[in-house]
Amino acid sequence: MKHENTLFSKNLLNWYDINKRTLPWRSESDPYRIWLSEIMLQQTQTERVSHYYFKWLKRFPSLKSVAKAKEESLLKVWEGLGYYNRCRNFHSAAKTVIKDYNGKIPKEFKLFKSLPGIGDYTAAAVLSIAFDIPFPAIDGNIKRVMARMLRIKTITKYNFRRVQKELENFIDKTRPGDFNQALMDLGNQVCRPNQAHCYACPMKSFCRAAQTDHPEQYPRPELSKDIPHYDVVLGLIWKKGRFLILKRDNRKHLGGLWELPGGKIDYRESPEKALIREIKEECNVDVILGKNTDPIKHRYSHFAITVRAFHCQLYNGKKVFSNQPNRWITPQQIIKFPFPKANHKLFAKINFDADNI
DNA sequence: GACACGTGGGA
DNA sequence: TTCCCAAGTGT
């Protein structure tokens, strides 16, 4: 068994060393940077992270600069990357590390994992890559790769423990970070969900699924659920060349980002009536509707929307009263605030010079 | 344990 | 077009 362990990690690292590496910042050794990249990489493809990673570092070169920053300026850099809780949790965790840990990432697994936004995977990934501590980091890729190695159909809790035990046994004690990354790269480049490419796999001799006709059927894919669809109307409420934006509550969907007032159209309600109702509810003012934009479609992780925006005028002189923080901004100021993608899609539909009421 | 949580790209 | 996938975590 001892011999097989060594061979497993030797084969894997040999493949890793001669293959082109997937991360452009693979040579990083600053724990802050490794932590940042692991947060950005959660459920997000490497190619998409790269640009954000460098943009972020230019603006926030150290953990201390993150801790000192305003949440809104962090969100502005994160804008478009999605899963915005990651950004706010990272901010909160950075402040804790600066304040309670003298600016050093705690090397104890439990302590590090107790910070917001850090779970089993991220704790293991950062500690193994930054400090050479041999924790197996088990992400989606590695789950799939190991399910095939062990010919597991379903990743039950019991099977997950099996995978974890195997990896604790196999992990290279001198290069644990490279070991983890190599297995992820293997899943990303070779052992793909729908094409196992066993002919190119350095781990073929260890793999039980590779001995079958259809290695791709391990693990069995989960059936996906239908997501609901909603029709949404938003208002561009104009006043002296400015329109109203509201800041979303931190604990809600897209928390901390800004939005236009509006909301879902109720069953059998007209878009116009819905928007007037929503603006009355959210801002306590009455509006007259002008022309509207073409609809845009947008899909979130768990529902989809079709959105239109109406130009609006205030009906009387009443002041906006909202539970959410609000601002009146010019179109030029859009770039100063973090907005969700759906809002940017709408803004792109509007000719602000001509449509401005 | 199930569900919420963004977005872009490829099949 | 539609569906699936992608270096997970919090509740």
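Throughout, a chain's letter reflects where its sequence line sits, starting with A, and its residues are numbered from 1.
Whole-Å rounding puts the A:Glu47 CD to B:dG8 C1' distance at 10 Å. Atoms CG (A:Asn250) and P (C:dT11) sit 13 Å apart, rounded to a whole Å. Per the geometry, CE belonging to A:Met146 stands 17 Å off P belonging to C:dA7, to the nearest Å. A straight line from NE2 of A:His253 to P of B:dT7 spans 7 Å, rounded to a whole angstrom. Atom NE2 in A:His302 sits roughly 18 Å away from atom C1' in C:dC5 (whole-Å rounding). In this entry the distance linking CG of A:Asn180 with C1' of C:dA7 reads 10 Å, nearest Å. If you measure from atom CE of A:Met40 to atom P of B:dT7, you get 15 Å, rounded to the nearest angstrom. In this entry the distance linking CG of A:Asn194 with P of C:dC3 reads 16 Å, nearest Å.
Listed candidates were C:dG10, C:dA7, B:dG1. Nearest to the side chain of A:Pro116 is C:dG10. Nearest nucleotide to the A:Tyr300 side chain, out of C:dG10, C:dA7, B:dT7: B:dT7. Closest to the side chain of A:Arg26, from the set C:dA7, B:dT7, C:dG10, is C:dA7.
Counting only distance, with no hydrogens or angles, the side chain of A:Thr293 and the backbone of A:Ala309 share a donor-acceptor pair below 3.5 Å. The closest donor-acceptor contact from the side chain of A:Ser50 to the backbone of A:Glu47 lies at 3.5 Å or more, if one exists at all.
As judged by a 4.0 angstrom heavy-atom cut-off over every strand, A:Ile118 is placed among residues touching the sugar-phosphate backbone only. Nucleic acid contact class of A:Gly80 (heavy atoms, under 4.0 Å, all strands): sugar-phosphate only. Residue contacts shown for A:Arg144 are limited to sugar-phosphate atoms, with no base heavy atom under 4.0 Å away. A:Leu254 comes within 4.0 angstrom of sugar-phosphate atoms only, judged by non-hydrogen atoms across all strands, and of no base. Among the atoms of the strands shown, only primed sugar atoms or phosphate atoms (P, OP1, OP2) are found under 4.0 Å from some heavy atom of A:Ser224. No engagement by A:Pro221 is indicated, since no non-hydrogen atom pair under 4.0 Å with the nucleic acid exists. At the heavy-atom level, A:Arg248 lies nowhere under 4.0 Å from the strands shown. Contacts of A:Asp226 with the nucleic acid, taken as non-hydrogen atoms under 4.0 Å apart, are absent. Nucleic acid contact class of A:Lys225 (heavy atoms, under 4.0 Å, all strands): sugar-phosphate only.
Here A:His298 reaches the OP1 or OP2 of B:dT7: one of its side-chain N or O atoms lies under 4.0 Å away. The side chain of A:Gln42 contributes no N or O atom lying less than 4.0 Å from OP1 or OP2 of C:dG8. Between A:Asn141 and C:dA7 there is a side-chain N or O to OP1 or OP2 distance below 4.0 Å. Contact check, A:Tyr83 against C:dG10: no side-chain N or O comes under 4.0 Å of OP1 or OP2. Distances shown here put every side-chain N or O of A:Ser301 at or beyond 4.0 Å from the OP1 or OP2 atom of B:dT7.
Relative to the six-membered ring of A:Phe337, A:Lys76 misses at least one condition, a distance below 6.0 Å or an angle of at most 45° to the axis. The side-chain tip of A:Lys239 points at the ring of A:Trp328 from less than 6.0 angstrom away and within 45° of straight on.
With hydrogens and angles left out, the side-chain atoms of A:Gln195 and A:Arg192 include no donor and acceptor closer than 3.5 Å. Checking A:His298 against A:Lys341 by side-chain atom types alone, no donor-acceptor pair falls below 3.5 Å.
Checking each of A:Trp258, A:Trp78, A:Phe347 against A:Phe339 for a ring pair (Phe, Tyr, Trp, His ring centres under 6.0 Å) leaves exactly one that passes, namely A:Phe347.
Only the C1' atoms considered, B:dG6 is 12 Å distant from C:dA6, to the nearest whole Å. Comparing B:dA2 with C:dA7, their C1' atoms sit 23 Å apart, to the nearest whole Å.
Residue A:Thr22 is the one, among A:Gly117 and A:Thr22, whose nearest nucleotide of DNA chain C lies closer to the 5' end (criterion: closest heavy atom). Mapping A:Arg251 and A:Lys345 onto DNA chain B by nearest heavy atom places A:Arg251 closer to the 5' end of the strand.
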Please enumerate all protein N or O atoms sitting under 3.5 Å from an N or O of nucleotides 9-11 of chain B, with distances to 0.1 Å.
{"unit_1": "B:dG9", "atom_1": "O6", "unit_2": "A:Arg299", "atom_2": "NH2", "d": "3.3"}

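With hydrogens and angles ignored, no donor-acceptor pair closer than 3.5 Å exists between the side chain of A:Tyr121 and the base of C:dG8. Remark: the A:Thr44 side chain and the B:dG8 base include no donor-acceptor N/O pair separated by less than 3.5 Å.
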Discussion item. Test side-chain hydrogen bond (donor to acceptor under 3.5 Å, both in side chains) on A:Tyr121 and A:Gln42; report intermediate values, then the result.
Written reply: CA-CA 9 Å; A:Tyr121 165 77; A:Gln42 287 170 7; over 6 Å; no
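Between A:Cys191 and A:Val145, the shortest heavy-atom contact is CB-CG2, 3.9 Å.
Ring to ring, A:His302 and A:Tyr300 are not that close: their centroids are 6.0 angstrom or more apart.
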